[in-house]
Every structure is written in structure tokens, then in C-alpha cells.
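All values below were derived from every heavy atom in this structure, side-chain atoms included, with hydrogens, water molecules and symmetry-related copies excluded. The chains referred to below are lettered A, B, ... by the order of the sequence lines, with proteins before strands, and numbering in each begins at 1.
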There are 2 protein chains.
Amino acid sequence: MAFLNTVHLNAVQYTQNMSPDNHSGRHDRASITTTALRLLDDVGLPDLSMRRLATELGVQPSALYWHFANKQALLAAIADRILERVNTSRTRDGDVVAVAHSIRDALLAYRDGAEVVMSSYALGLGADRAHAALTTALTSTATATATATAQVSDRTAVLLQFILGHALLVQQRLHAESYGAAAPSADADPSAAIESTFDLGVRAFLMGLPTE
Amino acid sequence: MAFLNTVHLNAVQYTQNMSPDNHSGRHDRASITTTALRLLDDVGLPDLSMRRLATELGVQPSALYWHFANKQALLAAIADRILERVNTSRTRDGDVVAVAHSIRDALLAYRDGAEVVMSSYALGLGADRAHAALTTALTSTATATATATAQVSDRTAVLLQFILGHALLVQQRLHAESYGAAAPSADADPSAAIESTFDLGVRAFLMGLPTE
DNA sequence: ACCTGAACACCGTTCAAGT
DNA sequence: ACCTGAACACCGTTCAAGT
């Protein structure tokens with residue numbers, strides 16, 4: 001449940017010692033991405049427009065198109081940033097559950113993070129880090145030691161699909177609740193149900209793997 | 001693989017013997033939804049605007065707001081229509097795999113169908129039919145006969161998340177390919193890999209269920 | 001190298017007024 | 001009951017021109 005409390009409460013980490021809204025000097029892809037990620041977390045994806053980001057940066061909208069080919073390219077850079085949080089330290093010992101949780105937490109750490117990453121991933125951009133971490137963990141999993149690379153690739157896709165689908169629904173439900181729409185399931189503790197649902201999904205997947 | 005060939009090739013089924021683009025008489029929610037679904041399949045979600053739909057109907061954009069409160073309400077009606085294809089005949093004998101395939105096929109039968117249904121489902125609208133079919137099938141499954149209703153609800157959510165996540169990625173990848181973007185996995189036969197990935201996911205889920 | 005200014009072709013939504 | 005006409009407050013993107 002802890003992840004639900006920290007949503008929307010990110011302190012942006014600056015990679016440079018430079019103000020994100022650089023009203024004096026010029027901008028580059030990194031600083032623009034930093035400001036865009038903070039803006040995403042503040043206002044959400046529907047309100048993250050190129051024009052609004054330009055205003056935030058103290059620049060004309062057209063200036064952004066010198067740094068990024070289009071809005072989708074900007075979103076891919078944001079997706080990369082979001083997944084930098086994925087903890088790759090436990091991938092080597094094959095702790096698939098831990099990696100799945102790390103990816104899930106990275107997606108939920110920023111407002112609409114799952115949607116941004118999913119759309120970029122579908123376009124073949126942005127989710128390389130998550131994909132690689134899962135593949136490494138699955139490859140070194142005990143049940144999969146004698147498994148062909150093609151099958152590992154399939155399993156990575158299955159797990160990533162579940163994680164993305166799960167995070168997407170969680171965040172869209174959060175968004176729906178903030179608009180006062182009624183959720184279909186009338187559970188007593190929805191956040192606990194969500195947490196156990198995620199664990200159930202990941203473990204069901206792992207237990208269902210053939211042990212040949 | 002058959003489903004991939006029939007994507008984008010829908011002949012719209014008219015529930016009334018009435019032209020969908022009713023340029024003479026007046027419109028109602030049903031006829032507007034029919035035209036909107038055809039337009040969605042023709043041009044895709046990003047190009048399905050209220051203004052374009054109004055033009056298709058031979059009407060001013062503002063006319064649509066007499067029938068639907070806003071665009072989201074229209075999309076929920078479309079989501080309901082898409083899921084009318086879900087085959088509910090096999091839910092009673094607990095064939096979860098068949099139901100999962102039926103939902104998947106319904107989502108893939110219209111362009112961007114998964115995205116429309118997912119966003120509506122997250123808002124608590126539109127996916128009741130899919131949710132109910134899965135719940136019925138899981139309840140009458142052999143491995144779940146002695147399972148509490150709360151657990152069935154969790155499992156329904158897990159499976160639906162996987163199905164929606166899977167269909168969403170498949171369709172976004174189709175969309176990406178039409179724009180010439182390179183997919184990250186360089187598989188020999190991607191459509192066959194997708195099909196087996198889906199089966200793997202559903203079966204892994206079912207085999208992972210406790211048999212208590 | 002990086003940005004401005006101005007334009008193009010669009011959006012969703014509201015609301016008085018018509019029939 | 002159903003729709004028009006007109007407006008409001010926006011979009012993403014391009015491109016010549018500036019520094």
C-alpha cells in the first residue's frame with residue numbers, strides 16, 4: 001500500500017546543478033525532459049501539452065521542435081526517465097518477483113507513468129530497461145535454466161504485459177476516483193485488494209511455468 | 001493468426017434497418033454509436049473527433065451533446081458495443097480459456113478496440129459484460145469450486161488486466177508498424193509469437209491457481 | 001546552435017436560439 | 001425533442017527569420 005501514498009509526491013532529482021525552468025540560458029533534451037516529467041506529475045498526461053511545457057520553460061512552443069522531432073519523441077524520453085528507477089541489482093539472482101515489483105513501482109511513481117511507458121513501449125521505444133531487467137531475471141530463474149532464448153522472450157513479454165496492464169488500470173482508477181466516478185468493484189479496501197491482485201498475477205505466472 | 005487478418009475489415013452490423021449516416025431524420029444514441037464505431041474502425045481513435053463524427057452524421061458538433069454528456073460517455077457506449085461480441089455461451093461450463101479468447105477477439109475486432117475498452121473500464125464503465133463472463137467462468141471452474149467470492153473477484157481482475165494489456169500492446173504495435181517504426185523484438189513470425197504468448201499467459205495463470 | 005513570430009489546420013465544450 | 005450558429009479556450013506542427 002505504501003506506493004499509493006507516494007504517488008504524486010515526487011521530488012524531482014536534478015541530474016545537473018541547474019534549474020529545471022531555465023529562464024536565462026538555453027535548453028537541451030535532458031533539462032527539457034526533467035521539466036516535462038515534473039509537469040506530467042503535476043498536471044497529468046491529458047494536460048501535458050507542448051504549449052504548456054513551453055510556457056513552463058519560458059520559451060515559444062516551436063522551440064521544443066528543435067530538440068524533439070515531435071511530442072511522441074518527448075514522451076519516449078520521459079518513459080526512459082521513469083524506468084531509470086527500476087532496480088537492476090536483484091536481476092542476476094533471478095528474483096523475478098522483486099524485479100516485477102520494481103518495474104511496477106517505477107510506473108506508479110509518477111502520475112500517468114504507466115500510460116506514458118506503455119504507449120512508448122508499443123512503439124518500440126523507451127521500455128528497454130524494464131525489458132532487459134525482466135529477461136535477465138527470467139533467464140537466471142531456476143525453472144527456466146533449460147529454456148530456449150525464444151521462450152524467455154515470450155515470457156518477458158507476458159510478464160511485462162501483465163505489469164503494464166496492472167499499473168495502467170491502477171492509475172486510471174486513481175484518476176477516475178479524483179473525478180468522483182464510482183468504481184465497479186465495491187471492495188472494502190481497494191488498495192489492499194490491488195496489492196494482492198498484483199502478487200497473485202505474478203506468482204500465478206511463475207508457478208504456471210513448465211519445469212521441464 | 002486469423003484474427004490479425006480480420007482486423008480493420010469489419011462489416012458493421014446494423015441493429016436497425018436504418019442508414020447509419022442518417023442525413024434526413026434525427027439521430028439517437030444507438031445510431032450515433034453505430035456510426036462512431038464504424039468511424040473508429042476506419043480512422044482510429046486519435047482521429048475520432050466529435051467534429052469529424054458530426055460531419056459524418058451530417059450534423060453540427062454541438063448536436064452530439066444533446067445525446068451524450070461528453071466524449072467519454074460516447075466512448076463508453078462504443079466500448080459496450082465492442083464487447084457485445086463476447087461469446088457468453090461457454091461461460092457456464094467454466095471454459096476460462098475460451099472466454100479469454102472471446103474477449104481478446106472482441107477487443108481486436110475493431111481498430112483501437114482495446115484502448116477504448118480499457119479507458120472505459122478504468123473509469124468504471126463499459127466492461128461489465130467481459131467482467132461478468134470471466135467471473136462466471138472462473139466461479140464454475142473445477143479448481144475454484146471451493147473458492148470464496150472475493151478471491152474470484154481478484155482473479156477476474158488479474159485475467160482481465162492481462163487480456164487488456166495484451167490486446168492493447170498488439171494493437172499499438174500494429175499501429176506502430178503502419179507508421180514504419182521498428183519493433184524492439186526481431187522475431188521471425190511476430191503474429192505467431194503473439195498468439196502463443198497469449199495462450200502462455202492465460203494457461204500460466206490457470207495452472208498457478210491453488211487447488212485447495 | 002537555439003529560438004521567435006506567425007501562421008495552418010485542427011480540437012472539446014457551452015449556450016442561446018431556432019423548429 | 002432535437003438541432004443550429006457562434007463563440008471560448010485550447011491543441012500539434014511547420015517554417016521563414018532572427019541572434
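B/Asp28 and B/Ser31 share a donor-acceptor pair across their side chains, judged by distance under 3.5 Å alone. For the residue pair B/Arg81 / B/Thr34, a side-chain donor-acceptor distance below 3.5 Å is found, with atom types taken as modelled.
In this structure, of D/dA1, D/dT4, D/dT13, it is D/dT4 that holds the atom nearest to the side chain of B/Ala63. In the set D/dC2, C/dT13, C/dT4, the nucleotide with an atom closest to the side chain of B/Tyr65 is C/dT13. With D/dT14, C/dC15, D/dC3 as the candidates, the nucleotide lying closest to the side chain of A/Ser62 is D/dT14.
Nucleotides D/dC2 and C/dA17 place their P atoms 22 Å apart, quoted to the nearest Å. For the P atoms, the distance from D/dA9 to C/dA9 is 23 Å, rounded to whole Å.
The nucleotide D/dT19 finds its pairing partner in C/dA1, both defining distances of the Watson-Crick or G-U wobble pair being shorter than 3.5 Å. With both pairing distances under 3.5 Å, C/dT13 is matched to D/dA7 as a Watson-Crick or G-U wobble pair.
Straight-line distance from the CZ atom of A/Arg51 to the P atom of C/dT4: 13 Å, rounded to whole Å. If you measure from atom CZ of B/Arg29 to atom C1' of D/dC2, you get 15 Å, rounded to the nearest angstrom. For the pair B/Met50 CE and D/dC3 C1', the interatomic distance rounds to 14 Å; values are reported in whole Å. In this entry the distance linking CG of A/Leu57 with P of C/dT4 reads 10 Å, nearest Å. Rounded to whole angstrom, the span from the CD atom of B/Gln72 across to the P atom of C/dG12 amounts to 12 Å. The distance from atom CG of A/Leu48 to atom C1' of D/dG12 is 13 Å, rounded to the nearest whole Å. Per the geometry, CG belonging to B/Leu64 stands 12 Å off P belonging to C/dC11, to the nearest Å. Nucleotide C/dA9 holds its P atom 16 Å from the CG atom of B/Asp47, rounded to whole Å.
Dashed line: the shortest gap from a side-chain N or O of B/Gln60 to OP1 or OP2 of D/dG5 is under 4.0 Å. Within the 4.0 Å cut-off from OP1 or OP2 of D/dC3, at least one side-chain nitrogen or oxygen of B/His67 is found.
Taking the six-membered ring where tryptophan is involved, the planes of B/Phe198 and B/His101 are perpendicular, since the angle between them exceeds 60° and thus also 30°.
Residue side chain B/Ser49 does not reach the base of C/dG12 through any donor-acceptor N/O pair under 3.5 Å, judged by distance alone.
Salt bridge absent: A/Arg51 and A/Glu56 never bring a charged side-chain N and a carboxylate O closer than 4.0 Å.
In this structure, A/Arg173 is positioned above the aromatic face of B/Tyr121, its NZ or CZ under 6.0 Å from the six-membered ring centre and within 45° of the axis.
Take the nearest nucleotide of DNA chain D for B/Val59 and for A/Pro61: the residue whose nucleotide is more 5' is B/Val59.
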